[in-house]
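Following: one structure in structure tokens, then a few remarks.
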Amino acid sequence: MEKITLAGALNRALRDAMRADESVVVFGEDVGPLGGVFRVTDGLTAEFGESRCFDTPLAESGIVGMAIGMAMNGFRPVVEMQFDAFAFPAFEQIVSHVAKMRNRTLGAVTLPLVIRIPYGGGIGGVEHHCDSSEAYYAHTPGLQVFTPSTAADAYGLLRSALTGTDPVVFLEPKKLYWTKEERDPSVAVPPPGRAVVRRPGTDATLIAYGPAVPVALDAASVAASEGRSLEVVDLRTIVPFDDETVCASVARTGRAVVVAEAPGFASVASEIAARVSERCFSSLSAPVRRVTGFDVPFPPPAYESLYLPGVDRILDAVDDLQWELV
Amino acid sequence: MEKITLAGALNRALRDAMRADESVVVFGEDVGPLGGVFRVTDGLTAEFGESRCFDTPLAESGIVGMAIGMAMNGFRPVVEMQFDAFAFPAFEQIVSHVAKMRNRTLGAVTLPLVIRIPYGGGIGGVEHHCDSSEAYYAHTPGLQVFTPSTAADAYGLLRSALTGTDPVVFLEPKKLYWTKEERDPSVAVPPPGRAVVRRPGTDATLIAYGPAVPVALDAASVAASEGRSLEVVDLRTIVPFDDETVCASVARTGRAVVVAEAPGFASVASEIAARVSERCFSSLSAPVRRVTGFDVPFPPPAYESLYLPGVDRILDAVDDLQWELV
Amino acid sequence: MTRDPDHLLPSRSPVQLIDEQGVAVSGDRPDFPSPAALLDAYAALVVGRRFNEQAYALVRQGRLAVYPSSHGQEACQVAAAQVLAPDDWLFPTYRDAVAIVTRGVDPVDTLTLFRGDWHTGYDARAHRVAPQTTPLATQLLHAVGVGHAARLRGEPTVVMALCGDGATSEGDFAEALNFAAVFRAPVVFLVQNNQYAISVPLSKQSAAPSLAHKGVGHGVVSERVDGNDVAALLAVLTGAVARARAGEGPQLIEAHTYRVAAHTNADDPGRYRVAAEVDEWIPRDPLTRTAAYLRGTGVLDDARQAGFDAEAERVAAALRAETTPTTDPGQLFAQVFASPTPQLREQAALVRDELSREVDA
Amino acid sequence: MTRDPDHLLPSRSPVQLIDEQGVAVSGDRPDFPSPAALLDAYAALVVGRRFNEQAYALVRQGRLAVYPSSHGQEACQVAAAQVLAPDDWLFPTYRDAVAIVTRGVDPVDTLTLFRGDWHTGYDARAHRVAPQTTPLATQLLHAVGVGHAARLRGEPTVVMALCGDGATSEGDFAEALNFAAVFRAPVVFLVQNNQYAISVPLSKQSAAPSLAHKGVGHGVVSERVDGNDVAALLAVLTGAVARARAGEGPQLIEAHTYRVAAHTNADDPGRYRVAAEVDEWIPRDPLTRTAAYLRGTGVLDDARQAGFDAEAERVAAALRAETTPTTDPGQLFAQVFASPTPQLREQAALVRDELSREVDA
Ligand SMILES: Cc1ncc(C[n+]2csc(CCOP(=O)(O)OP(=O)(O)O)c2C)c(N)n1
Ligand SMILES: Cc1ncc(C[n+]2csc(CCOP(=O)(O)OP(=O)(O)O)c2C)c(N)n1
Ligand SMILES: [Mg+2]
Ligand SMILES: [Mg+2]
């Protein structure tokens with residue numbers, strides 16, 4: 001079978017969507033001839049011309065603001081924020097407009113647009129290049145938040161983001177861009193809002209999304225070799241959230257650890273922990289633990305491995321799940 | 001005893017701080033001759049002159065950015081964002097600089113500044129005037145987040161925000177601006193990071209902050225009349241967070257409901273629920289419930305009362321705390 | 001970069017066609033509006049003024065949550081709407097209700113937002129009038145997007161984007177001008193410089209020779225105009241719209257006017273400006289000046305005036321007749337997304353349950 | 001608003017004092033730099049060029065995480081630092097390491113950020129050099145604040161704020177100019193227009209006659225200068241610094257230069273520009289031109305050149321000698337706040353515990 005990277009899958013999704021739907025346009029900083037700093041838009045200007053994939057002036061509020069207008073007038077824009085800290089200049093446009101337009105016009109004006117944001121660390125990047133900002137978007141009512149952890153999901157979720165009428169913040173785990181995967185086009189990706197059990201297990205559930213998924217899977221492998229069976233759930237979409245899959249897993253295992261790269265305080269991991277604690281209360285044999293980035297600014301490359309949730313920290317948290325009571 | 005409003009207490013805190021410390025300057029939109037749209041800066045230009053309390057051009061990123069520079073060069077700026085949705089243009093300055101400067105310079109450059117933001121609903125305001133954005137700031141490492149619910153705390157917390165060397169996002173509950181209170185200057189406000197039990201109780205703990213505190217207190221009164229004793233904890237500061245007071249209360253009562261105005265998903269309420277669920281696991285007789293704003297954009301005035309957490313919803317949540325098991 | 005700065009800079013003083021006494025001062029300009037156009041504009045001015053007064057009164061009666069009046073700025077409002085073709089778009093702010101009404105939106109629907117009802121009361125797509133925008137200057141970028149979209153499809157649409165003097169200080173203002181210029185988007189940016197951003201006078205807002213001078217730094221052709229002279233506004237804006245439609249790129253127009261009323265009813269202008277300053281602007285009123293000119297040229301007579309007044313009263317009566325909105329709890333959750341998430345469905349059920357118990361009780 | 005637009009607009013073409021052949025073209029200008037000043041500048045250019053080359057080489061060896069080189073722009077770098085007095089401030093971007101070194105910061109410390117060590121390696125307060133800033137244009141507002149603070153205290157400080165052509169498109173650029181002008185802050189904004197923002201050429205960035213034309217819309221005096229002519233830069237920037245210091249408010253200078261290297265080592269310029277374009281700029285190199293002039297006027301000889309080269313080699317050797325940073329886990333938590341919150345203390349304990357078990361194991 002053909003091998004494809006996550007970045008390549010995204011590129012293919014954009015290309016296929018642009019072929020299928022004339023209204024799809026791609027723009028942002030360096031997405032044209034350069035193909036984006038991560039090459040996700042590689043070749044699109046060449047295939048579709050300057051009018052469908054183009055560079056803009058360097059202004060993120062401008063990019064998102066213009067996307068709003070184009071979406072109001074018949075297009076389906078896909079914009080790229082170069083790194084996730086560089087989406088912050090667009091925060092007002094995203095929170096006050098992208099998220100609210102459908103609602104404030106009672107459905108009369110919809111904004112079918114996608115804001116692609118490379119996110120997370122693990123690439124040895126310098127300051128402002130490794131943030132995880134999913135909590136800001138997930139907390140904002142009116143935004144859908146998708147984040148793939150595999151090339152297949154990257155393709156499927158981006159295609160589905162490009163079919164609905166609601167805006168999607170599409171978070172791409174930078175460190176997985178170059179991970180290669182066999183490509184099996186016959187596997188369809190389910191609609192947004194469906195988490196997936198990436199690895200079945202019986203003793204505890206690791207709940208993760210995006211860049212944390214492979215780490216959780218690694219942890220599960222190590223745990224297995226130590227005789228503990230961990231189930232790994234990959235959320236795929238943070239909004240909508242799949243309570244059903246998550247709770248079914250925790251109901252089965254009775255224990256849960258949430259794994260996420262972002263600082264833990266008031267985060268998506270907090271939400272997951274709170275929901276699971278509430279909804280699976282009677283099934284839980286131990287408190288839900290969180291293994292997240294610390295509540296510090298993302299550190300310089302030399303400190304990255306200390307900061308990021310890794311296999312050891314996950315296994316420590318699993319060890320803490322009151323097994324002595326079993 | 002003299003009566004004072006929360007807005008009046010903030011005004012007095014600014015005035016006293018400006019008298020005590022020449023480096024304190026106040027600026028923002030309409031804070032000069034007008035005294036701010038909520039009159040919190042009333043009279044400051046008259047008393048301290050244009051150089052210490054002044055209007056700026058209309059640009060929030062500009063205001064916060066300039067405050068950063070002034071803080072780098074010997075001043076202690078207090079800036080006002082007119083309504084909390086209007087702080088979003090400054091989001092990049094706040095998240096990428098205000099929050100990170102001390103850390104990225106290993107303490108060489110500190111930013112002793114205060115960003116005052118009126119927040120929350122309950123005033124019948126139109127769109128963009130009633131948001132609750134504490135989660136965005138609380139999630140951002142490096143920001144302290146204070147939010148008073150009484151005039152005395154408003155005074156004390158603002159004075160203490162103006163003594164440290166770290167930036168503070170100071171969230172002022174709009175709907176409480178005009179609430180009058182007896183002023184007892186002999187009551188000292190404890191340092192940041194100390195929650196307070198506003199009303200003792202034995203059956204369950206309501207954990208609230210800012211505008212939700214009076215609602216929680218009302219709910220506790222009603223509950224008392226129905227024979228249920230609710231303790232009310234007021235966080236006062238979201239960052240730093242007072243685990244000790246919160247957990248001690250829940251350990252005593254065995255049940256908890258978190259009350260907050262902001263949409264619940266990935267919110268400060270999620271954090272509180274997650275922490276309490278984790279840290280008080282063995283004391284909890286029921287899952288921690290959250291009574292929050294819904295996951296919808298803040299609605300128009302006519303819908304406000306449906307949206308905001310009210311006494312009924314709090315009492316419903318309390319009723320749900322598995323009392324039958326007692 | 002070949003654009004000639006001289007071509008981009010505004011004229012040394014604002015364009016005026018009819019002076020404060022109602023006398024034509026540049027009657028020989030080829031773009032001087034026709035009598036019919038001026039009469040149309042005057043009719044709309046009369047309605048607009050009455051609309052402003054009535055809305056303000058409704059706030060005092062507690063029947064509107066808030067109203068930011070364009071009293072004194074009606075010439076800008078009317079001209080901005082009247083120079084547009086049916087397929088053009090208008091992007092108004094909170095202060096531009098009169099422009100929206102002039103564009104043909106039902107006056108009662110126009111006030112939906114301020115009535116405390118659901119945010120936007122008219123069909124933005126049908127009227128090609130964007131929802132009124134409050135976060136300052138943000139809508140200018142949307143206008144660029146709408147214009148660029150039309151241009152990509154080869155449609156002759158022009159977008160009229162409104163903002164105030166204060167809003168020109170926001171970063172989004174500069175970004176909008178820049179994007180529009182780079183993409184040659186057919187957008188006319190009309191800055192209503194009413195001298196104040198709430199309490200902040202223009203002198204604290206900008207040190208520029210004029211706000212129209214903000215165009216050249218983006219390669220945008222700029223002009224300034226007497227914002228209380230509806231004839232000058234019609235002439236200058238018609239030209240700008242024509243150039244934008246012809247593919248000459250964005251246009252920036254600064255209209256010099258004055259906010260006669262308070263910022264909104266909640267504001268207390270006594271704190272920051274003296275009454276004498278307001279008085280100076282009364283003789284420059286856009287209505288009296290236009291009426292004087294039209295009477296002087298024999299285009300307006302008592303009968304016509306009576307007709308306009310009657311129409312204005314009809315609009316005012318309609319505003320008064322409107323009652324407070326009824327709320328439908330389902331609307332809280334219905335339009336967050338095309339179809340509610342499971343979480344929203346749970347929350348909606350909670351509200352339904354709570355309300356049903358209230359009814360039962 | 002009384003400021004005369006003619007006074008604010010830049011000259012029709014960039015100021016040049018020494019042409020590409022090293023010949024003085026405006027030798028009679030009173031502000032033509034002295035031989036001593038030019039020799040100092042040349043010495044710094046030689047060091048700067050070597051610094052750029054060495055840093056780039058270190059990236060290829062995997063010893064720096066990344067390096068955005070100012071190769072070709074060294075004249076801007078050197079002049080920006082050399083026109084400042086000791087108490088003035090410099091606000092650099094990620095590309096301005098050479099300006100920082102010229103200002104007197106230790107070259108090894110200057111590269112801390114790019115070495116992957118803690119973010120800022122020099123003492124910003126001691127040197128009055130702000131930390132290098134990556135979020136584009138944001139630092140310009142900090143510069144305004146620093147300048148305004150100094151002005152409020154009556155100090156004669158001037159702030160030199162650097163940014164690139166791409167950064168002028170960010171809203172913060174406009175806000176910074178506007179705030180500076182309204183508060184008459186003593187800031188010199190130096191835009192190094194190196195024709196590219198990563199892959200995006202100036203023609204897609206702006207339709208303005210020049211980037212210096214962005215000043216007039218804020219009432220900021222503006223000028224443009226040949227950015228590869230260190231003499232012209234010294235003259236124009238010295239004038240701008242003097243005017244800012246004299247209380248005449250902010251100054252905007254656009255320097256026309258070229259990014260000869262890739263955006264950073266991670267970039268692949270072959271995707272967006274042809275080699276021939278780069279070749280055109282080689283004869284305009286700031287070093288050869290200055291050397292030719294100084295040799296022609298007898299100020300530079302082989303001995304002096306050898307001295308400068310030796311100093312450059314010393315700097316390069318120091319960069320090469322620096323080893324990879326040692327990490328101190330405690331630093332993760334130590335400076336988030338003045339004193340760590342209880343939550344941070346818990347997290348620090350977790351890391352300590354994890355590490356101690358690793359050591360034990
Ligand atoms: C981003 C943002 N900041 C602040 C406000 C609050 N605000 C509403 S109107 C206004 C003044 C606007 O002045 P101007 O642009 O001149 O328009 P005018 O009200 O005079 O028509 C302010 C500060 C806002 N709506 N949006
Ligand atoms: C707000 C923001 N958006 C995007 C980026 C990513 N980025 C880094 S450098 C750069 C190009 C900057 O171009 P220019 O301002 O001309 O400076 P140069 O790199 O040419 O010196 C971009 C887009 C950033 N650092 N900050
Ligand atoms: Mg105004
Ligand atoms: Mg550049």
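Sequence lines set the chain letters: A, B, ... in the order given, protein chains first and strands last, and positions in each chain run from 1.
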Taking side chain as everything from C-beta outward and backbone as N, CA, C, O, which of these in [X] sits under 4.5 Å from a heavy atom of chain A? Side chain, backbone, both or neither.
{"X": "Gln335(C)", "answer": "both"}
{"X": "Val182(C)", "answer": "side chain"}
{"X": "Phe183(C)", "answer": "side chain"}

Tell me which of these, [options], has more heavy-atom pairs under 4.5 Å with chain C than the rest.
{"options": "Thr105(A), Ile68(A), Leu106(A), Thr110(A)", "result": "Leu106(A)"}
{"options": "Lys100(A), Met70(A), Arg104(A)", "result": "Arg104(A)"}
{"options": "Ala59(A), Pro240(A), Ala99(A)", "result": "Ala59(A)"}
{"options": "Met101(A), Arg102(A), Arg52(A)", "result": "Arg102(A)"}
{"options": "Val25(A), Asp243(A), Thr56(A), Asn73(A)", "result": "Asn73(A)"}

Checking the side chain of [X] only, and the main-chain atoms of [Y] only, is there a donor and an acceptor separated by less than 3.5 Å?
{"X": "Glu92(A)", "Y": "Pro135(C)", "result": "no"}
{"X": "Arg125(C)", "Y": "Ala108(A)", "result": "yes"}
{"X": "Asp166(A)", "Y": "Ala338(C)", "result": "yes"}

### Query
Can you check whether His148(C) and Phe27(A) have ring centres sitting under 6.0 Å from each other?
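No, the ring of His148(C) stays outside the 6.0 Å limit from the ring of Phe27(A), centre to centre.
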
### Message
Less than 3.5 Å apart, any donor N or O on the side chain of Gln139(C) or His97(A) sitting next to an acceptor on the other?
### Response
no

For [X] against [Y], the heavy-atom pair lying closest together:
{"X": "Val109(A)", "Y": "Ala124(C)", "result": "CG2-CB, 3.8 Å"}
{"X": "Ser51(A)", "Y": "Leu152(C)", "result": "CB-CD2, 3.6 Å"}
{"X": "Trp118(C)", "Y": "Asn103(A)", "result": "NE1-O, 2.6 Å"}
{"X": "Phe241(A)", "Y": "Pro342(C)", "result": "O-CG, 4.4 Å"}

Is it the side chain or the backbone of [X] that comes within 4.5 Å of chain C heavy atoms, both, or neither?
{"X": "Thr165(A)", "result": "side chain"}
{"X": "Val239(A)", "result": "side chain"}
{"X": "Ala71(A)", "result": "backbone"}
{"X": "Leu143(A)", "result": "backbone"}
{"X": "Ser96(A)", "result": "side chain"}
{"X": "Gln144(A)", "result": "both"}

### Message
Between Thr341(C), Val146(C), Leu332(C), who has the most heavy-atom pairs with chain A when the cutoff is under 4.5 Å?
### Response
Val146(C)

### Query
Which of the residues Ala185(C), Ala143(C), Pro131(C), Ala334(C) is involved in the greatest number of heavy-atom pairs with chain A at under 4.5 angstrom?
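Max contact count across the listed options: Pro131(C).
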
### Query
Is any side-chain heavy atom of His142(C) closer than 4.5 Å to a side-chain heavy atom of Gln93(A)?
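In contact.
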
### Task
Evaluate the side-chain proximity of Glu175(C) to Ile63(A): yes if any heavy-atom separation is below 4.5 Å, no if none is.
no

### Task
Tell me the residues of residues 163-174 of chain C whose non-hydrogen atoms fall below 4.5 Å from those of chain A, in number order.
Asp172(C)

Above 12 or not: heavy atoms from other molecules or residues under 6.0 Å from [atom1] of [X]?
{"X": "Glu47(A)", "atom1": "CD", "answer": "yes"}
{"X": "Arg153(C)", "atom1": "CZ", "answer": "yes"}
{"X": "Glu22(A)", "atom1": "CD", "answer": "no"}

